[in-house]
2 protein chains.
Amino acid sequence: MEHTLTISVQDYLKHIYELTENGENASTNALAEKLDVKPASVTVMVQKLALSTPALVEYQKHQGVTLTKEGRKAALEVIRHHRLLETWLVRTLGYSWDEVHEDAERLEHVISEDFERRIAAVMGHPVRDPHGEFIPTAELTMPLDDSVPLSALRPNQTAMLQCVRGADAELLRHLESLGLVPGVHLEVLEYSPFDHNLMVKAGSKSAVLGLNVTHKIFVEVL
Amino acid sequence: MEHTLTISVQDYLKHIYELTENGENASTNALAEKLDVKPASVTVMVQKLALSTPALVEYQKHQGVTLTKEGRKAALEVIRHHRLLETWLVRTLGYSWDEVHEDAERLEHVISEDFERRIAAVMGHPVRDPHGEFIPTAELTMPLDDSVPLSALRPNQTAMLQCVRGADAELLRHLESLGLVPGVHLEVLEYSPFDHNLMVKAGSKSAVLGLNVTHKIFVEVL
DNA sequence: AATAATAATTAGTTCGGACTAAATTTACCC
DNA sequence: GGGTAAATTTAGTCCGAACTAATTATTATT
Ligand SMILES: [Mn+2]
Ligand SMILES: [Mn+2]
Ligand SMILES: [Mn+2]
Ligand SMILES: [Mn+2]
């Protein structure tokens, strides 16, 4: 274990991880968008990360980046911090799932490994964060995720909601008000083929959700 | 409220506060020492802080610095964070008093006001940190401290230990092993006028302490 | 009061990480 | 296959905050 990576580098790696989860390379523009930084800045940083020893990303001009083994470990470390922190803010300080992100975003870079171990232990080594996302293990491996986006379901299918990914605070509050939280059982009632809206029922409530929403919700089909 | 002081600035202000508690100005060299930075860097930073609007320090060449009202508030905010965090790491995550400093040192700069309120509330608004130091109030005032250094006591005086200030981890562990922790009652048994050693008894244990140690321990005389 | 020692300041560099503006690829379309 | 639009990269600048080396002030000593 070499250098302690800067906060900036940690954030780059984390977002590259997220953008490459689908198997594709992370593009300069997408990365710039996520990091709230100009594309020119991304290019420069990504070149540095590719040239560092050990290299943290694989990069060739105009082709975007992927993480190397080292880069991936570093990313998972940050993501583990982030998700453990979110879990712990919710469980012990009464944050709600729409309030935790910002604080975790800054804390993730400054907690020690000791702190990480302690909160993990105090919480009994949780497997998922408040949004239902897997928390990377202490050994920095990511559990295999076999959930599918809600947008893939059709009427009469039932499923259990596993996680909500990439939703802002407002959407999270809305989903909660509909009972659409991790663990809930839901049923698809209707599908509109033209706009891809789904009518979904959870508990006593039901609502029509657009593709915008249904592709941020991941479920396990029952 | 032009918050968003950099971490560096926050650390400067905190250490200036501590160096000026005795009423004196903080010297360039003393600050450099505390901040683990070269004196030249301190001079430059201190000039910037004096020139900013609002000014955070009062400075004139070769005379050292003091905090302005604004600088003092900012310093107390950081110190409140630090001490609340220490308290909370000890109470909820099982840190011991010699382990908390480093983590609190980094976390103090990144927690939100919301986070601060939450941990304060969860702990019932503690007044002192694990070392017995006063925690600045939410309104950023510092309680009046009427304790005196243990070094000022003489044989047959008894006192209650209030706080240990400026001790490193090793000394803290040593003091704990002697039962010298906040709240304990102690008695001075002997005094050596030449080296200023004190023989001190707390509970069943007693030990001879040098000036080095006795001026880091603050007590209330009974 | 002159000088030596110590403290503090200035000047000039460096480094990380952002930015803008300009140049260059790549992608798409007719 | 040329021509434009979009994506990306390069070049040059800036800012905060540190550093070293050189200079100046303050203080202590004789
Ligand atoms: Mn972050
Ligand atoms: Mn999450
Ligand atoms: Mn600090
Ligand atoms: Mn303390």
Side-chain angles (χ1 to χ4, degrees), chain A residues 2-16 19-20 22 24-66 71 74-75 78 105-106 108-110, chain B residues 2-16 19-20 22 24-66 71 74-75 78 105-106 108-110:
Chain A
E2 320 64 27
H3 0 218
T4 173
L5 305 174
T6 65
I7 291 176
S8 251
V9 168
Q10 291 179 35
D11 274 334
Y12 272 88
L13 296 175
K14 181 177 70 167
H15 284 114
I16 293 169
L19 286 170
T20 54
N22 58 7
E24 291 174 20
N25 289 8
S27 77
T28 300
N29 273 357
L31 212 35
E33 164 88 9
K34 285 249 173 206
L35 289 159
D36 195 21
V37 137
K38 302 295 174 191
S41 307
V42 171
T43 297
V44 173
M45 175 61 101
V46 138
Q47 289 169 342
K48 216 177 318 190
L49 298 180
L51 243 67
S52 72
T53 41
L56 295 167
V57 306
E58 200 107 24
Y59 163 72
Q60 28 199 22
K61 275 183 193 162
H62 297 98
Q63 303 306 129
V65 285
T66 56
V78 180
E105 193 63 36
R106 292 189 314 276
E108 66 190 4
H109 307 292
V110 303
Chain B
E2 40 292 297
H3 278 108
T4 54
L5 303 176
T6 65
I7 291 176
S8 251
V9 168
Q10 291 180 34
D11 273 335
Y12 273 87
L13 296 176
K14 180 176 71 167
H15 284 113
I16 293 169
L19 286 171
T20 55
N22 59 7
E24 291 175 19
N25 289 9
S27 75
T28 299
N29 273 357
L31 255 179
E33 164 87 8
K34 285 248 174 205
L35 288 159
D36 195 20
V37 136
K38 301 296 176 189
S41 308
V42 170
T43 297
V44 173
M45 175 62 101
V46 138
Q47 289 169 341
K48 217 177 317 189
L49 298 179
L51 243 68
S52 72
T53 41
L56 295 167
V57 306
E58 199 107 24
Y59 163 72
Q60 29 199 21
K61 274 184 192 159
H62 296 100
Q63 304 305 128
V65 284
T66 55
V78 181
E105 193 64 36
R106 292 188 313 276
E108 65 189 5
H109 308 292
V110 302

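Order of the sequence lines fixes the chain letters, A, B, ..., with proteins taken first and strands second; residue numbering starts at 1 for each chain.
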Step-by-step side chain to side chain contact (heavy atoms under 4.5 Å, CB included) determination, B:Glu58 to B:Asn25:
CA-CA 9 Å; B:Glu58 199 107 24; B:Asn25 289 9; over 6 Å; no

Determine, stepwise, if the pair B:Asp11 / B:Leu35 fulfils side chain to side chain contact (heavy atoms under 4.5 Å, CB included).
CA-CA 8 Å; B:Asp11 273 335; B:Leu35 288 159; 4.0 Å; yes

Show, in sequence, the C-alpha distance, side-chain angles and deciding distance for B:Thr6 and B:Tyr12, and conclude whether the side chain to side chain contact (heavy atoms under 4.5 Å, CB included) test is met.
CA-CA 10 Å; B:Thr6 65; B:Tyr12 273 87; over 6 Å; no

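Inter-residue side-chain proximity for A:Val78 and A:Leu13 is flagged as unmet; no heavy-atom pair is nearer than 4.5 Å.
In this structure, B:Glu105 places its CD atom where more than 12 heavy-atom neighbours from other residues, nucleotides or ligands lie under 6.0 Å away.
In this structure, B:Gln47 CD and B:Leu49 CG are separated by 10.0 Å, a value rounded to the nearest 0.5 Å. How far CG of A:Leu51 is from OG1 of A:Thr53: 9.0 Å, rounded to the nearest 0.5 Å. In this structure, B:Lys14 NZ and B:Glu108 CD are separated by 3.5 Å, a value rounded to the nearest 0.5 Å.
Counting any heavy atom pair closer than 4.0 Å across all strands shown, B:Thr43 reaches a base atom.
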Base-contact (B) and sugar-phosphate-only (S) positions in nucleotides 15-28 of chain D, heavy-atom cut-off under 4.0 Å, - elsewhere:
--SSBBB---SS--

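In 5' to 3' order, the nucleotides of DNA chain C bounding all contacts with chain B (an atom under 4.0 Å from a heavy atom) are C:dA7 to C:dT10.
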